[in-house]
Peer 1: 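Let me begin by handing over the structure; questions about it come next.
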Amino acid sequence: MSIFKRVKNIIIGKSRNPQDSAIFHKISLIAFFAWIGLGADGLSSSCYGPQEAFLALGSHTYLSIFVALGTVLTIFIISTSYSQIVELFPGGGGGYLVGSKLLSPTLGMVSGCALLIDYVLTIAISIASGADALFSFLPLGLHAYRLLFAAMAVLVLMVLNMRGIKESVLILTPIFLIFILTHVFIIFYSLFKHSAGSSALIASTASEVHNTVSQLGLWGAIFLVLKAYSMGAGTFTGIEAVSNGVPVLRDPKVQTAKHTMRYMAISLSFVVLGLMIAYLLYQVSLEPGKTLNATLFERVTAGWGKSGYVFVLITLISEATLLFVAAQAGFLDGPRVLANMANDRWFPNRFSALSDRLVTQNGILIMGGLALLVMVITGGSVKLLVVLYSINVFITFCFSQAGMVRHWWQVRSQVKGWIKKIFVNGTGFILCAFILVSMVIMKFSEGGWITLFITGALIAVALLIKRHYYQTAKLLHRLNNLVTVAESAEDTLLNPTLNIARDLKPEPKAKTAVLLVSGFNGIGLHTLFGIIRLFGGVFKNFVFVQVGIVDAGNFKGRDEIGKVETEVKTDIARYVKFMNKQGFYAEGISEVGTDVVEEISNIAPKILVRFPNAVFFGGQLIFPQDSFAIRFLHNYTVFAMQKKLYRQGIPFVILPIRV
């Protein structure tokens, strides 16, 4: 084993076997761990969402009670609507799939692009906010290292997620629980300390409402509350993560997802409502270098002495760590959305590939890398990131809710209780649309335009990639006509002079052509015909090798893996049957895995034992114009295989296929 392989196994872990019958049980999440890995994105928003809403009220802080109640109501409405989405899409139903299936593929793509940007920002804002929470307790002189600390946190989470979903969640579970316990305690303690003054709080709130109406007018007061409500939109941003993450949940997935959604909604509502009331009770205001939560914790524990210092330290560390856990949603769901869009040819195919740890490693790297770039460009400013973050997530929310409303209306004659269902999704759509429009109008000039510009640019890139793959499919149509010719061909199509009456037995010492194929298709047949044309009757044996790729599109259960195995064996059998009809001995070898190059390098030595005079062949598409974009969008695995086999001293010939 190479040094690189050993280091990789230590840091990321040994490879996993996708054919292991228990693999899905080993890597899937029960509702509790899903609440941590996916629900933490929603719960962590309590670290910055309530703060933004509270500060938006200015001096009219008593109105925060109405904002808090509206926020709680919205949490339950959106979470209930996404529970309905999970029921309708039991295999996972985030904004991309819902938009694609219920509206149109193009609108689904727009929703998916917005969601991808959102997940990049999820990572950036969660870690930046976590760094703020942690550094709130440190001297101002150390704040210069905050951005460096946040960047290191992104890199650490990238490594953890490349190890696997469950490993990354289990490591952070204790801190998540500490967050829950400390914040619940702070909220109950604050309410208990001020329980005797509840009547005074009600009177003060009534007086504040009267004063605000006098100063601003009724509509001015309503506008202020709605403004604060929309500015706290970051509070709702993690709710969709559960519906996107259904594929990683333990069976029964739908019930697990609904339980997870329920845990998240209840915990988020309690913490948001409790914190905003506590802000009001302690008259918290923003202090330099500190979050509102940090200021609140210090005021609550002011008379506790050293124990108060320790409690605040533990609470802020748990808060910071929870925000790091919340970044998990970006690392878990972002690559999955990217993989789904890659399978539909909106993005390069390589983003649907799985590593030998059975995670979408390419997606993890690109999401983490982009989050790191955003972090550096914005300087880790939570205030700016919240604006960028909230706009995009509500674009996706609107598409999802609109799609569900359309669906319930179309099936109203077939579904009992459709009025209730359409009311839930319709209400969710109205709330999400209001927040989206409010955020765009109020924050457009403060950075909102950046999100819209970047999302628009990504949409344009997706359209160009889709167009390229469509044009490529048209070019390949001519090649695929060979399949029809081969299936309907009479015997001895390749060489009419062959004596097909001979007994077809292998000749181990004879020249053997080993052809690497990716299905019974035009590319494979074109390569086969090229071998016959160039080498005539040199090869007496033909061995067809195909590796079924397990990617994000089919890694959903043992049944799906079984379908891949069956398809691969069927394709190989068709090649063998075709060559037998032509009078050649042929056999097939099939495997299923995540890495074609690795599987082929393991198979090749075994073939050489049986056929020592074997030569390996592979076909490669050659486009009219070569460029970096072409090489990035298409699979050039054959060159990697050639390099790998050359190092093993195995001859490998690449035959060009012009399209």
Peer 1: Hydrogens and angles aside, do Q51 and N293 bring a side-chain donor and acceptor to less than 3.5 Å of each other?
Peer 2: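 On atom types as modelled, these side chains do not qualify, holding no pair under 3.5 Å.
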Peer 1: Within the side chain of S104, is there an N or O that forms a donor-acceptor pair under 3.5 Å with the backbone of L107?
Peer 2: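 Yes; at least one donor-acceptor contact below 3.5 Å.
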Peer 1: Are W346 and I465 close enough that some pair of their side-chain heavy atoms sits under 4.5 Å apart?
Peer 2: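 No, their side chains stay 4.5 Å or more apart.
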Peer 1: One pair to check against side chain to side chain contact (heavy atoms under 4.5 Å, CB included): L116 and F347. What are the steps and the verdict?
Peer 2: CA-CA 12 Å; L116 285 175; F347 290 113; 3.6 Å; yes
Peer 1: Taking all atoms of both residues into account, what is the closest heavy-atom pair of P348 and A342, and its distance?
Peer 2: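 Looking at all heavy atoms of both residues, the shortest contact is O-CB, 3.2 Å.
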Peer 1: To the nearest 0.5 Å, how far apart are CD1 in I435 and OG1 in T74?
Peer 2: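 It is 5.5 Å, given to the nearest 0.5 Å.
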Peer 1: Let me confirm one number: the CG-OG1 distance from L436 to T396, rounded to the nearest 0.5 Å.
Peer 2: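 With rounding to 0.5 Å, CG (L436) is 10.0 Å from OG1 (T396).
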Peer 1: Taking side chain as C-beta onward, heavy atoms only, is L157 less than 4.5 Å from I127?
Peer 2: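 Yes; the side chains approach each other to less than 4.5 Å.
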Peer 1: Can you confirm if the NZ or CZ of R412 lies within 45° of the ring axis of W409 and under 6.0 Å from the centre of its six-membered ring?
Peer 2: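 Relative to the ring axis of W409, which defines the angle, R412 lies inside both limits.
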Peer 1: So, do L365 and M158 sit near enough that their side-chain heavy atoms are less than 4.5 Å apart?
Peer 2: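 Side chain of L365 against side chain of M158, heavy atoms only: contact under 4.5 Å found.
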Peer 1: Using every non-hydrogen atom in the two residues, find where K421 and K416 come nearest and quote the distance to one decimal.
Peer 2: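 Scanning both residues completely, I find the closest heavy atoms to be CE-O, 4.3 Å.
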Peer 1: Would you find a donor on one side and an acceptor on the other, under 3.5 Å apart, between the side chain of S111 and the backbone of G95?
Peer 2: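 Present.
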Peer 1: Hey, mind stepping through L226 and S438 against side chain to side chain contact (heavy atoms under 4.5 Å, CB included) and telling me if it holds?
Peer 2: CA-CA 9 Å; L226 292 178; S438 300; over 6 Å; no
Peer 1: Where do W408 and Q84 land on the side chain to side chain contact (heavy atoms under 4.5 Å, CB included) test, with the steps shown first?
Peer 2: CA-CA 11 Å; W408 297 129; Q84 294 185 170; 3.6 Å; yes
Peer 1: Search all heavy atoms of I123 against all heavy atoms of A371 and return the closest pair with its distance.
Peer 2: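 Closest approach of I123 to A371, heavy atoms only: CG2-CB, 3.5 Å.
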Peer 1: Considering non-hydrogen atoms only, spot the tightest contact between A56 and L224 and give its length.
Peer 2: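 Closest pair (atom of A56, atom of L224, distance): O-CD1, 3.7 Å.
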Peer 1: Are Y82 and F397, when compared by the centres of their aromatic rings, separated by less than 6.0 Å?
Peer 2: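 Yes; F397 has its ring centre under 6.0 Å from that of Y82.
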Peer 1: Less than 6.0 Å separating the ring centroids of F270 and F188?
Peer 2: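 Judged by ring-centre distance (under 6.0 Å), F270 and F188 do meet the cut-off.
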Peer 1: To the nearest 0.5 Å, tell me how far F444 CZ sits from W449 CH2.
Peer 2: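 Result: 8.5 Å between the selected atoms.
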Peer 1: Side chains of T455 and N392 only: does a donor on one sit below 3.5 Å from an acceptor on the other?
Peer 2: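 Checked: T455/N392 side chains pair up, N/O donor to acceptor below 3.5 Å.
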Peer 1: What distance do F434 atom CZ and F429 atom CZ have between them, rounded to the nearest 0.5 Å?
Peer 2: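 So the gap between those two atoms works out to 14.0 Å.
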Peer 1: Do L73 and L69 come within less than 4.5 Å of each other through their side chains, counting heavy atoms only?
Peer 2: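 No, side chains not in contact.
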Peer 1: How long is the gap from CD1 on I78 to CZ on F394, to the nearest 0.5 Å?
Peer 2: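 Going from CD1 on I78 over to CZ on F394, the span is 5.0 Å.
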Peer 1: Please say whether more than 12 non-hydrogen atoms of neighbouring residues, nucleotides or ligands are located less than 6.0 Å from NZ in K569.
Peer 2: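 No, not enclosed.
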Peer 1: Side-chain contact, heavy-atom cut-off 4.5 Å: Q401 with S81?
Peer 2: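 Yes, at least one pair of side-chain atoms sits under 4.5 Å.
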Peer 1: Quick one: does S269's side chain have a donor or acceptor within less than 3.5 Å of a partner on I266's backbone?
Peer 2: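 Side chain of S269 to backbone of I266: no pair is present.
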Peer 1: Report the C-alpha separation of M341 and C113 in whole Å, then their side-chain angles, then the decisive distance to 0.1 Å, and conclude whether the side chain to side chain contact (heavy atoms under 4.5 Å, CB included) test is met.
Peer 2: CA-CA 9 Å; M341 297 183 73; C113 288; 4.1 Å; yes
Peer 1: Would the distance check show the side chain of H407 and the main-chain N or O of G403 forming a donor-acceptor pair, the cut-off being under 3.5 Å?
Peer 2: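 Not confirmed, H407 side chain does not pair with G403 backbone.
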Peer 1: Considering only heavy atoms from C-beta outward, does the side chain of L292 approach that of L275 to under 4.5 Å?
Peer 2: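 No, too far: nothing below the 4.5 Å cut-off.
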Peer 1: Does a side-chain heavy-atom distance below 4.5 Å link V98 with F399?
Peer 2: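 Heavy-atom side-chain distance check fails, nothing below 4.5 Å.
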Peer 1: I need the minimum non-hydrogen distance between Y96 and L115, along with the two atoms involved.
Peer 2: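 Closest approach of Y96 to L115, heavy atoms only: N-CD2, 4.4 Å.
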Peer 1: Once rounded to the nearest 0.5 Å, what's the spacing between atom CE of M404 and atom CG of L103?
Peer 2: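 Here the rounded value is 11.0 Å.
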Peer 1: Under a 4.5 Å cut-off applied to non-hydrogen side-chain atoms, are T71 and Y229 in contact?
Peer 2: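 T71 reaches Y229 side chain to side chain.
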Peer 1: Determine the minimum heavy-atom distance between R350 and N362, stating which atoms define it.
Peer 2: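 Here R350 and N362 meet closest at O-ND2, 3.0 Å.
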